[in-house]
There are 2 protein chains.
Amino acid sequence: MKIDRRSPQPLYAQLKTLLVERIQRQEYQPGQRIPSELALCDELSLSRPTVRQAIAELVSEGILVIIKGKGTYVADEPERIEIKNLSANQFALLTLRNLDALPALHVERLSGDVELNRLFTAGEAIVQTDYWSVSWQQEQEGQVYAYCRSLVPVYMFPELGPDLQEGRRMLDITANKYAYLPQRTVGRLFVRQARPEESLILDLSRNAPVLVLSSRLTARSGNICEISTAVLRADLVSLGLDSGRS
Amino acid sequence: MKIDRRSPQPLYAQLKTLLVERIQRQEYQPGQRIPSELALCDELSLSRPTVRQAIAELVSEGILVIIKGKGTYVADEPERIEIKNLSANQFALLTLRNLDALPALHVERLSGDVELNRLFTAGEAIVQTDYWSVSWQQEQEGQVYAYCRSLVPVYMFPELGPDLQEGRRMLDITANKYAYLPQRTVGRLFVRQARPEESLILDLSRNAPVLVLSSRLTARSGNICEISTAVLRADLVSLGLDSGRS
């Protein structure tokens, strides 16, 4: 988009389109100051009233914000909690380093019914076992952004429940458990509506979108050692991905 | 949750809670058949009318679905398009293998204004160049699920625009461009509301949530060779993540 002096469209309207394009292309980023009126006049050879009118309309549309004594800014997107280097086991219990940071850890022992056993054995001979069901929240600066649930077979980690409740470190809990340590994780990330319990815990309106990371961890023994589901506030979180040589 | 015969709560209501729990834990997965009435009677030592009432109420609540002559199923979540092994440059132009599969490729040459140049140089000496702006849709079985936009500096790939329009393969376009090939990508994945243009292209209602993967590709030369933004239908897509040894 360029300013076209021979166009029937008024110059201020053309400038509006041009500014919105720059915002969409992220040349002007959310929360960032845009060039001053004078700088825009200079750059595009426009008169001051033209620039002023375009900016005034974008402000009234909520696309720009004027901060007194500072300048004109692109309206902020909500500040996001950055999860760096997202991995499939980002929110898995057995790979968590820092359990101290988890408030409201909740542990329950589930009797292993047929369906639960089937879930963990995926077609192979079914192991009869109970499961530890562990749920917790992750927060940053007092803001709960994730509600995580994990299932771990009791036969692999018989003392997991009491160990967690006594505040033992995961490093100690998993010591000497070589065969049952996670070796490979397959995760699936998708967006769905929050379920009632999740809206409550994450302080979301009902049916708000949440990001779900659902993961299956396979141990060195070849058996599944954990199934975890993390429900993330879609309005608060951004996930970092890095690739080396592509 | 177990069936408790001494509880004041009626048995059918306890069974409802138990079935919903199994669905939430994904023991019964969306689209999957749940055990027959008879099997549930057997497993939980309940009478047929009790099981029938619990199932009837869950059907009327839309949680279960009866398919005539087949059985009772967990209501389906929408079928999703699986993106396997998500990487930060999944939707980047310069790393795309199969350009033929892209309908409606749109190429434009943008004059490199100050802001655009700054975006590509991130604080270093600013290169004066134009940019190829390329947009396209990705679809599967006739269903558009992604709207992608890329910016590539013209000085790195002077013939990119005409090459793409003539249908040349990316492998040929990037041949002998060793210094400008992407070496590292930093991506950021987040959910936001669809913008008007995006809703139109992706056939979404206004303000529906979309998944955005915004990536910056750095070439061997150390300069940014592409900035790409992919907007994905959050209701249609699921992203696969794999981790090896964790």
Side-chain angles (χ1 to χ4, degrees), chain A residues 1-2 22 24-29 34-35 43 77 80 82 86-90 92 94-95 110-111 113-116 118-119 133 149 151 181-192 195 197 208-211 213-215 217 227 229 234-235 237-246, chain B residues 1-2 22 24-29 34-35 43 77 80 82 86-90 92 94-95 110-111 113-116 118-119 133 149 151 181-192 195 197 208-211 213-215 217 227 229 234-235 237-246:
Chain A
M1 165 83 201
K2 281 195 175 164
R22 288 183 177 178
Q24 287 187 334
R25 292 206 304 254
Q26 304 220 14
E27 292 172 51
Y28 301 158
Q29 303 208 3
I34 68 164
E43 183 201 337
E77 290 190 29
R80 291 181 185 266
E82 299 256 351
L86 179 69
S87 71
N89 52 29
Q90 192 87 35
L94 294 176
T95 60
L110 304 177
S111 69
D113 54 39
V114 180
E115 293 300 326
L116 202 42
R118 194 173 293 154
L119 193 63
S133 162
R149 281 165 295 178
L151 291 168
L181 290 184
Q183 185 171 42
R184 180 157 183 267
T185 308
V186 176
R188 215 167 68 88
L189 188 71
F190 57 95
V191 177
R192 62 159 167 75
R195 293 179 180 149
E197 190 199 18
V210 285
L211 262 162
L213 177 57
S214 152
S215 301
L217 285 74
I227 291 179
T229 307
D235 59 333
V237 163
S238 104
L239 307 169
L241 294 172
D242 272 25
S243 308
R245 166 95 182 79
S246 50
Chain B
M1 166 81 203
K2 280 192 176 165
R22 288 184 177 177
Q24 287 188 334
R25 292 206 304 254
Q26 304 220 12
E27 293 172 51
Y28 301 158
Q29 304 209 0
I34 68 163
E43 183 201 338
E77 290 190 30
R80 292 183 183 263
E82 299 257 350
L86 178 70
S87 70
N89 52 29
Q90 192 88 35
L94 294 176
T95 61
L110 303 177
S111 70
D113 55 38
V114 180
E115 292 299 326
L116 202 42
R118 194 172 293 155
L119 193 62
S133 162
R149 282 164 294 178
L151 292 168
L181 290 184
Q183 186 171 44
R184 180 156 182 268
T185 307
V186 177
R188 215 166 68 89
L189 188 70
F190 58 95
V191 177
R192 62 159 166 75
R195 294 178 180 151
E197 189 199 20
V210 285
L211 262 162
L213 176 57
S214 150
S215 300
L217 285 72
I227 291 179
T229 307
D235 59 334
V237 164
S238 106
L239 307 169
L241 294 172
D242 272 26
S243 308
R245 166 92 182 81
S246 50

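Throughout, protein chains are lettered first and strands after them, A, B, ... in sequence-line order, and every chain is numbered starting at 1. Because the structure is predicted, anything quoted here is derived from the model rather than measured.
Legend: residues meeting salt bridge (charged side-chain N to carboxylate O under 4.0 Å, His left out) with B:Glu82, ordered by chain and number and at least two apart, are A:Arg188. Here B:Glu43 pairs with B:Arg22 under the salt bridge (charged side-chain N to carboxylate O under 4.0 Å, His left out) rule; sequence neighbours left out.
Among the candidates A:Ala234, A:Ala92, A:Pro209, the residue making the largest number of heavy-atom pairs closer than 4.5 Å to chain B is A:Ala234. Of all the listed residues (A:Ala88, A:Ser133, A:Ser214), the one sharing the greatest number of non-hydrogen pairs under 4.5 Å with chain B is A:Ala88.
You'll find the side chain of A:Leu189 stays beyond 4.5 Å of the side chain of B:Leu211, heavy atoms only. For the pair B:Leu213/A:Leu241, a side-chain contact is recorded, criterion being any heavy-atom separation below 4.5 Å from C-beta on.
Summarising the geometry of A:Arg80 relative to B:Val191, their closest heavy-atom pair is NH2-O, 2.6 Å, with the distance given to 0.1 Å.
Proximity to chain B (any heavy atom under 4.5 Å) is restricted, for A:Leu86, to the side chain, taken from C-beta onward. With a 4.5 Å cut-off on non-hydrogen atoms, B:Ile227 does not touch chain A at all. Contact of A:Val186 with chain B is made through backbone and side chain together, with heavy-atom distances under 4.5 Å. Neither the backbone nor the side chain of B:Thr229 comes within contact range of chain A, judged by heavy atoms closer than 4.5 Å. Contact of B:Ser111 with chain A is made through the side chain alone, with heavy-atom distances under 4.5 Å.
Formation of a donor-acceptor pair under 3.5 Å by the B:Ser238 side chain with backbone atoms of A:Phe190 is not found in this model.
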